[in-house]
Amino acid sequence: MSHPTPVMVHTPAHSGLGAALTYDSPTSLPAGTLVRVPLGSRELLGVVWDSDSTALPEDIALRPISHCLEGMTPLSPNWRQLVTFTAHYYQRSVGEVALAALPNQLRELRAEQWARRLKRKVKASGSDAREGTAVPQATPEQVQVLGHIAANPGPFLLFGNTGSGKTEVYLRAAHEVLSRDPTAQVLVMVPEINLTPQLEARFRERFAPLWGESCLVTMHSGLTPAQRLNHWLAAHSGHARIVLGTRMSVFASMPGLQLIVVDEEHDPSYKQQEGARYSARDLAVYRGQLEHVKVILGSATPSLESWHHSRPSTDSEPAGRYMRLHMPSRVGQGVLPLVRRVDMNRQPYKTVFSNHLLDAMRERVTRGEQILVLLNRRGYAPVLHCTDCGWKSECPHCSAYRVFHKLDRTLRCHHCGFTQGVPRACPGCGNQDISPLGRGTEQLEEHLGELLVDVRRPDGTPLRIARIDADSTRLKGELERQLAEVHAGAVDILVGTQMIAKGHDFRRVTLVAALNPDGALFSSDFRAPERLFSLLMQAAGRAGRDASISLTQACEMWVQSFHPQHPLFEALKQHDYPAFAHQQLKERQEANLPPFSFQALVRAEARSQQAAQDFLSAARDAGAAEADQALIDIYPAVPMAIQRVANVERAQMLLECTSRKALQAFLSHWQAHLHALRSQHKQVIRWAIDVDPLAI
Ligand code: ADP
Ligand code: ZN
Ligand code: ZN
């Protein structure tokens, strides 16, 4: 007997092969079965898809399926629906999304290797329970929040300061689900796993004593291909009760899924920035709805989208579709730091650290306390500059400046990676005296060292300054090593970019300083203030976590700004996220920006800016009538903020609509025009649609 079988393989959206391909199978295979199939001269991994998905006519001679991956349960209907939804919503092909969601090794393993792998997996899984540690009594706020979670369908927005006990709520909600049903599974999502090692440790500590070390697996890009496959199989088979992962884990196959937690739900790294540009946070909410499982989104500074979706009802408007749960207090002693603003207009020209701030830092270090100095990377990139002819260290391939790295004396482009030694003299005029313009973290570290050279720690030794940023942590394990030094108290002042503001638990930090955060106040990106506020709140949350530090001298957050009276800093001073959100949402509503409208961005890359824009304009014309009817605004094509990268010109075009549905429907029709136009615009290298873009 011959069975025509639809199979999804990885065909990128651009290839035009969007649908499943039909193969021949001697037996009827259930949808979700993993198979290997021939395509051209290659053999590819594919997933047997639902029978209504085939587009190819059945009268052509079908090639046979090469073989099935034996011993594996088919991927569930829910999993397939999640993939289909993602592909449609983010305007990609189903095959691309499906195959990208599976571990690479699954694609590469041959039949014999696969059989061996399955055997090994069974051997490896065993129980190795360890001693448990005491579980704290839940606080009244935690009890109340957990009561709401138990009694309502969600999704929930858990709004609570850093240190308010959100993680403890996740742990208890997970425990509740896992202990009730031995097949239950929980998905816990985090923005970046190596920035929050404590979270994994806390989940292990809580659950390994109950169900063994192997009850928890992680999923993130730092795993080896073999680890990734093993962890994926553990989740798919149901052996792993808890999956802790970054955005990719939203696609984990978990047959027993009963709870999804999205920690730091506002974090931009939940948005995938290439291929299918999905928002893992939004997909988590969709998946929760699809699988009838509860979803908890947690944050001290929620995204304005989630804040809006969780609005309480008013006289004129019903409540949003999320349930907002608030935990206003910090657990135990923790008080939020006092926010102090330094008016930089009153400081001498070119001041980097005001004297008041330096004095405060001296005092803290002398007492044995720790300090974080937070930099806005963008505003600080040091560019080499010739004072005679005005030459700057432009990248020859990009419309951007290359940045001066003192350590290895190079000029490096942060966009295309182009690196060269620093020229001895100005390439423009031969002047020997070229100097950096602006300050990088590297220079700041050095400068601070000079300013505080006379300061001693309580034991009389000189103070130690360390720097953590993308450069200092490029080597594997380096971030962990540096963090451990800070935790151990070997470092007094930590200088860094937003990396240091995330979930670390720096217990002895009592002062956080933000230098020059003003750029975000006046950025052309309407989300910049939201990101700055959340960064500063996160950073403030780092301070004052150690009960052993005397609180007679309260913890402080210092902000040096030329606009100290700005409402953003006023709200920060009061630790008042709701006030900030209220003001921002009002502005967004007046300007009809998200969450009050929905956006999509089409980007095109070509050898010339004109060609990229021509393509977009043609696409705009092709869709104009339909867009008009659907009340969709298509803005004119413009160059991207960084117009040229690696000699490729980039342009973008924004679409906006108050109805998500209308925009969706339009995009799926319009895609066909874009594909067709592409063949007439030969200079276009690639194009892509970004639905709900995070940066415009
Ligand atoms: P968040 O995730 O909101 O930052 P955590 O859950 O990490 O907060 O809690 C902050 C600190 O308070 C942690 O050290 C945690 O161990 C402690 N903590 C949380 N809940 C309790 C509780 N019910 N009793 C005692 N300590 C708690
Ligand atoms: Zn470059
Ligand atoms: Zn010059």
Side-chain angles (χ1 to χ4, degrees), residues 133-146 158-174 188 190 196-203 205-206 261-265 296-302 325-336 381 383-403 410-420 423-435 437 502-507 537-538 540-548 642-650:
T133 44
V135 175
Q137 181 85 31
T139 65
E141 276 178 12
Q142 287 167 340
V143 170
Q144 198 181 26
V145 159
L146 285 160
L158 178 53
F159 166 54
N161 277 322
T162 346
S164 65
K166 292 187 295 299
T167 309
E168 185 60 33
V169 169
Y170 308 152
L171 287 163
R172 283 171 180 265
V188 181
V190 293
T196 48
Q198 302 102 316
L199 194 73
E200 184 185 342
R202 280 174 73 182
F203 270 82
E205 187 179 58
R206 184 70 54 95
V261 172
V262 183
D263 191 26
E264 309 289 1
E265 65 89 30
I296 306 174
L297 310 175
S299 178
T301 52
L325 306 171
H326 191 192
M327 295 208 298
S329 333
R330 283 184 125 184
V331 177
Q333 92 305 319
V335 281
L336 287 165
V383 160
L384 267 200
H385 169 74
C386 169
T387 43
D388 274 8
C389 74
W391 173 88
K392 289 192 188 68
S393 53
E394 268 166 336
C395 174
H397 310 297
C398 307
S399 53
Y401 293 111
R402 280 178 298 161
V403 171
T410 55
L411 287 176
R412 217 177 283 162
C413 174
H414 287 186
H415 301 284
C416 73
F418 182 64
T419 303
Q420 272 184 328
R424 252 178 258 284
C426 169
C429 70
N431 174 15
Q432 304 247 324
D433 187 25
I434 46 179
S435 57
L437 197 70
K502 298 225 172 150
H504 310 293
D505 214 352
F506 298 134
R507 303 223 137 240
M537 285 283 278
Q538 295 266 321
R542 300 296 110 217
R545 296 197 132 203
D546 194 337
S548 72
I642 296 183
Q643 178 178 333
R644 189 165 50 99
V645 167
N647 292 324
V648 170
E649 288 283 340
R650 317 188 307 163

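Note that ligands are numbered from 1 as they come in the structure, with each ligand's atoms numbered from 1 the same way.
Among all heavy-atom pairs drawn from Gln142 and Ser164, the shortest one is NE2-O, 4.3 Å. Contact between Val645 and Ile642 at its shortest, heavy atoms only, is CG2-CG2, 3.7 Å.
Heavy atoms of Leu171 stay at 4.0 angstrom or farther from ligand 1. Ligand 1 does not have Gly160 within reach: every non-hydrogen atom of the residue lies 4.0 Å or more from it.
Looking only at side-chain heavy atoms (C-beta outward), Asn161 and Met537 come within less than 4.5 Å of each other. In this structure the side chain of Pro396 reaches within 4.5 angstrom of the side chain of Arg402, judged on heavy atoms. Using a 4.5 Å heavy-atom threshold, the side chains of Pro423 and Leu411 count as touching. Here the side chains of Val169 and Met327 are in contact, with some heavy-atom distance below 4.5 Å. For the pair Cys429/Trp391, no side-chain contact is recorded, criterion being any heavy-atom separation below 4.5 Å from C-beta on.
Remark: Leu384 CG to Tyr401 OH distance equals 12.5 Å, nearest 0.5 Å. Rounding to the nearest 0.5 Å gives a distance of 9.0 Å between OG of Ser399 and CD of Glu394. The distance from atom CG of Leu297 to atom CD of Glu264, rounded to the nearest 0.5 Å, is 12.0 Å. Atom-to-atom distance recorded for Cys398:SG and Arg650:CZ is 8.0 Å, nearest 0.5 angstrom.
Atoms of ligand 1 lying under 4.0 Å from any heavy atom of Thr139, numbered from 1 in the order shown and given with element: 23 (N). For ligand 1, the atoms sitting less than 4.0 Å from at least one non-hydrogen atom of Gly163 are 1 (P), 3 (O), 4 (O), 8 (O), 10 (C), numbered in the order shown with element in parentheses. Of all atoms in ligand 1, numbered sequentially from 1 with element shown, those under 4.0 Å from a heavy atom of Gly165 are 1 (P), 3 (O), 5 (P), 6 (O), 8 (O), 9 (O). The Ala138 neighbourhood of ligand 1 comprises atoms 23 (N), with distances under 4.0 Å to a heavy atom of that residue. Counting the atoms of ligand 1 from 1 in the order shown, those under 4.0 Å from a heavy atom of Asn161 are 3 (O).
Around the Zn ion (ligand 2), protein N, O or S atoms at a distance under 2.8 Å total 4; waters are neither shown nor counted.
Every residue two or more places apart in sequence or in another chain that forms a side chain to side chain contact (heavy atoms under 4.5 Å, CB included) with Glu649 is listed here: Gln609, Gln643, Arg644. For the side chain to side chain contact (heavy atoms under 4.5 Å, CB included) test, residues two or more places apart in sequence or in another chain that qualify with Pro328 are Glu141, His326.
Counting heavy atoms under 4.0 Å from ligand 1, residue Val169 does not touch it at all.
Checked against a 3.5 angstrom limit, the closest N/O atoms of Pro136 and ligand 1 fall outside it.
Under the side chain to side chain contact (heavy atoms under 4.5 Å, CB included) rule, Thr167 has a single partner from Arg202, Arg172, Gln198, which is Arg202.
If you check each of Glu168, Glu264, Arg202 against atom 15 (C) of ligand 1, the one with the closest non-hydrogen atom is Arg202. One option in Lys166, Gln137, Gln198 has a heavy atom closer to atom 22 (C) of ligand 1 than any other, and that option is Gln137.
Distances under 2.8 Å from the Zn ion (ligand 3) pick out the protein N/O/S atoms Cys386 SG, Cys389 SG, Cys426 SG, Cys429 SG.
Ion pairing between Glu168 and Arg206 holds under the 4.0 Å rule for side-chain N and carboxylate O.
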